[in-house]
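First the structure, in the form of structure tokens, and then the observations on it.
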Number of protein chains: 2
Amino acid sequence: MDAKEISKAVIKRLPRYYRYLGELMEEKVERISSNDLSKKMHVTASQIRQDLNNFGGFGQQGYGYNVEYLYTEIGKILGLDTIHPMIILGAGNLGQALANYGDFEKRGFRLVGIFDINPVLEGISVRGIEIRMINSLPEFIRENQVEIAILTLPKNKAKEMAKVLIDNGIKAIWNFAHTDLDAPEDVIVENVHLSESLMALSYNLSQYRNEHKENKE
Amino acid sequence: MDAKEISKAVIKRLPRYYRYLGELMEEKVERISSNDLSKKMHVTASQIRQDLNNFGGFGQQGYGYNVEYLYTEIGKILGLDTIHPMIILGAGNLGQALANYGDFEKRGFRLVGIFDINPVLEGISVRGIEIRMINSLPEFIRENQVEIAILTLPKNKAKEMAKVLIDNGIKAIWNFAHTDLDAPEDVIVENVHLSESLMALSYNLSQYRNEHKENKE
DNA sequence: TAGATTGTTAATCGATTAACAATC
DNA sequence: TAGATTGTTAATCGATTAACAATC
């Protein structure tokens with residue numbers, strides 16, 4: 001009874017609603033209409049109402065949406081009302097940067113371990129968490145009920161380590177390696193391919209230049 | 001005469017084609033059909049042919065696509081055949097991690113400067129590039145013809161600094177700050193909202209759990 | 001009550017997939 | 001030439017927008 005499947009596009013927009021609602025709360029705004037929110041966010045009011053109604057009627061006719069209530073509800077939908085024990089695999093620059101990013105913690109993402117394959121790093125602490133070696137990974141995942149693994153290893157190691165993670169029962173992988181991972185259906189993989197994002201930027205840059213070249217000749 | 005507008009969805013897929021073609025080259029594969037590539041990438045062959053034909057007929061009937069040729073052509077489309085001088089704004093953990101990421105360089109993204117607002121960091125070198133203060137930014141952008149700014153400042157500083165960048169002629173901003181930026185149409189903004197990506201992962205995690213709860217009771 | 005604004009259905013738009021003639 | 005595979009048109013599918021009755 002999983003009702004209607006929610007489209008990926010809708011899911012991707014939810015965190016942005018959540019962010020704007022958080023800002024409205026900081027500004028002590030109590031209620032907002034889909035129309036006002038649409039102007040702030042540069043989307044259509046219709047899309048906002050459609051998106052929210054996938055999850056239930058959070059608004060009230062003639063009134064709009066209660067900001068705090070909607071914020072909380074979207075938080076629940078996103079699973080931010082639960083603690084998610086999380087490890088980092090790859091204690092390089094990016095891994096350490098993510099380890100040092102404190103905001104995750106307050107959304108329920110609790111970093112409990114950092115792992116690497118390089119013995120030189122063993123025992124070094126990042127944000128009070130000491131770097132462990134891969135051989136202790138299986139036991140650690142079980143004992144700490146780790147759900148999420150952040151994968152910041154180089155691509156040649158990533159696929160192999162993803163397998164280890166999956167074999168040991170990890171539920172989700174946040175993948176920063178420049179490769180696609182093979183994972184069974186019940187393991188969630190969310191990719192952050194930074195170089196691909198930069199290439200998209202680069203495309204738009206070249207594109208804009210070409211479009212405006214003729215006019216200048 | 002900018003012909004037909006290419007959809008954003010297509011652009012987002014190009015870097016992935018580029019990555020797979022690069023891997024095929026490493027494996028010394030000379031040619032590939034849309035059908036074989038579609039199996040590797042888990043997309044439809046039809047989509048591959050449609051996508052590529054937005055930019056021209058790169059294939060040959062009865063033969064398929066020449067891997068190296070297609071790789072080069074997609075590289076050109078993405079603007080990877082040009083040098084893009086680039087600066088980082090925000091020398092925190094993430095900024096330094098990106099500075100240390102060497103792969104950008106070989107795609108034409110040349111890091112020429114790192115800036116911060118914290119005077120303590122002034123003069124410290126990251127990857128041979130010393131951290132500069134914001135007051136020298138305008139002159140630096142002009143003299144080095146900087147095109148791209150990587151914005152890794154905290155969100156309260158990001159909007160303000162984006163304005164400085166734009167006023168001084170930056171062409172594109174790769175935005176890692178947890179906020180949307182206001183930019184005129186001719187300035188490209190590519191957002192990387194890491195926490196939103198993690199929330200999407202979290203949603204899928206909760207979702208999967210809910211779908212399988214009933215079965216276990 | 002009258003005005004405002006949602007929830008929801010219907011219409012439109014765009015993107016993906018299927019099909020096949022063209023052609024190497 | 002026969003077989004393979006593209007480029008491209010047509011069909012389908014899904015997502016976005018518009019419209020409006022329901023209702024606070």
Side-chain angles (χ1 to χ4, degrees), chain A residues 2-17 20-21 24 29-74 77 200 203-204 207, chain B residues 2-17 20-21 24 29-74 77 200 203-204 207:
Chain A
D2 43 16
K4 67 273 157 187
E5 186 73 21
I6 313 275
S7 92
K8 227 176 145 182
V10 174
I11 307 308
K12 288 281 172 192
R13 286 195 290 267
L14 281 186
R16 188 156 178 266
Y17 292 136
Y20 274 86
L21 289 164
L24 285 168
V29 176
E30 268 183 26
R31 66 188 182 95
I32 193 155
S33 68
S34 57
N35 202 256
D36 288 352
L37 188 57
S38 80
K39 279 174 198 142
K40 260 189 174 315
M41 295 184 65
H42 303 289
V43 296
T44 63
S46 198
Q47 181 166 76
I48 293 176
R49 294 203 298 277
Q50 284 277 25
D51 282 355
L52 297 179
N53 266 84
N54 280 299
F55 304 97
F58 299 127
Q60 196 167 296
Q61 284 97 329
Y63 172 88
Y65 297 89
N66 179 289
V67 172
E68 195 170 345
Y69 173 68
L70 187 54
Y71 178 84
T72 310
E73 289 304 310
I74 294 180
I77 292 165
Y203 169 85
N204 289 116
Q207 199 51 26
Chain B
D2 42 17
K4 67 273 158 185
E5 187 73 21
I6 312 275
S7 93
K8 227 177 144 180
V10 174
I11 306 309
K12 288 280 174 193
R13 285 195 292 266
L14 282 184
R16 190 155 176 268
Y17 293 135
Y20 274 85
L21 289 164
L24 286 169
V29 177
E30 267 183 26
R31 66 189 183 92
I32 193 156
S33 68
S34 58
N35 202 257
D36 288 351
L37 188 57
S38 81
K39 278 174 199 141
K40 259 189 174 314
M41 297 184 64
H42 302 288
V43 296
T44 63
S46 198
Q47 180 166 77
I48 294 176
R49 294 202 298 276
Q50 285 277 23
D51 282 356
L52 297 179
N53 267 85
N54 281 299
F55 303 98
F58 298 127
Q60 196 168 295
Q61 283 98 330
Y63 171 88
Y65 298 88
N66 178 289
V67 172
E68 194 171 346
Y69 174 68
L70 187 55
Y71 178 82
T72 311
E73 289 304 310
I74 295 180
I77 292 164
Y203 169 85
N204 288 115
Q207 198 52 26

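To find a chain, count down the sequence lines: A is the first, B the second, and so on, and within it residues start at 1.
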Within the modelled atom types, does a donor on one side and an acceptor on the other bring the side chain of A:S7 and the base of D:dA15 under 3.5 Å apart? no
When you measure only distances, ignoring hydrogens and angles, does the side chain of A:Q50 come within 3.5 Å of the base of C:dT9 through a donor and an acceptor? yes
Phosphate OP1/OP2 of [N] contacted by [X] side-chain N/O (<4.0 Å):
X	N	result
A:Y65	C:dG7	yes
B:R49	D:dT6	yes
A:S34	C:dT6	yes
A:T44	D:dT17	yes

For the residue pair B:S33 and B:Y65, establish whether any side-chain heavy-atom pair is separated by less than 4.5 Å. no
Give the rounded distance in Å between these two atoms: CG of B:L52 and P of D:dT8. 12 Å
Without decimals, in angstroms, what is the distance between B:Q47 CD and D:dT5 P? 20 Å
Between A:R49 and A:T44, is there a donor-acceptor pair closer than 3.5 Å when you use the side chain of the first and the backbone of the second? no
Looking at A:R16 and A:M41, would you say the former's side chain and the latter's main chain have a donor-acceptor pair under 3.5 Å? yes
Of A:G62 and A:V10, the one whose closest DNA chain D nucleotide lies more 5': A:V10
With rounding to the nearest 0.5 Å, note down the distance linking OH in A:Y17 to CG in A:L24. 13.5 Å
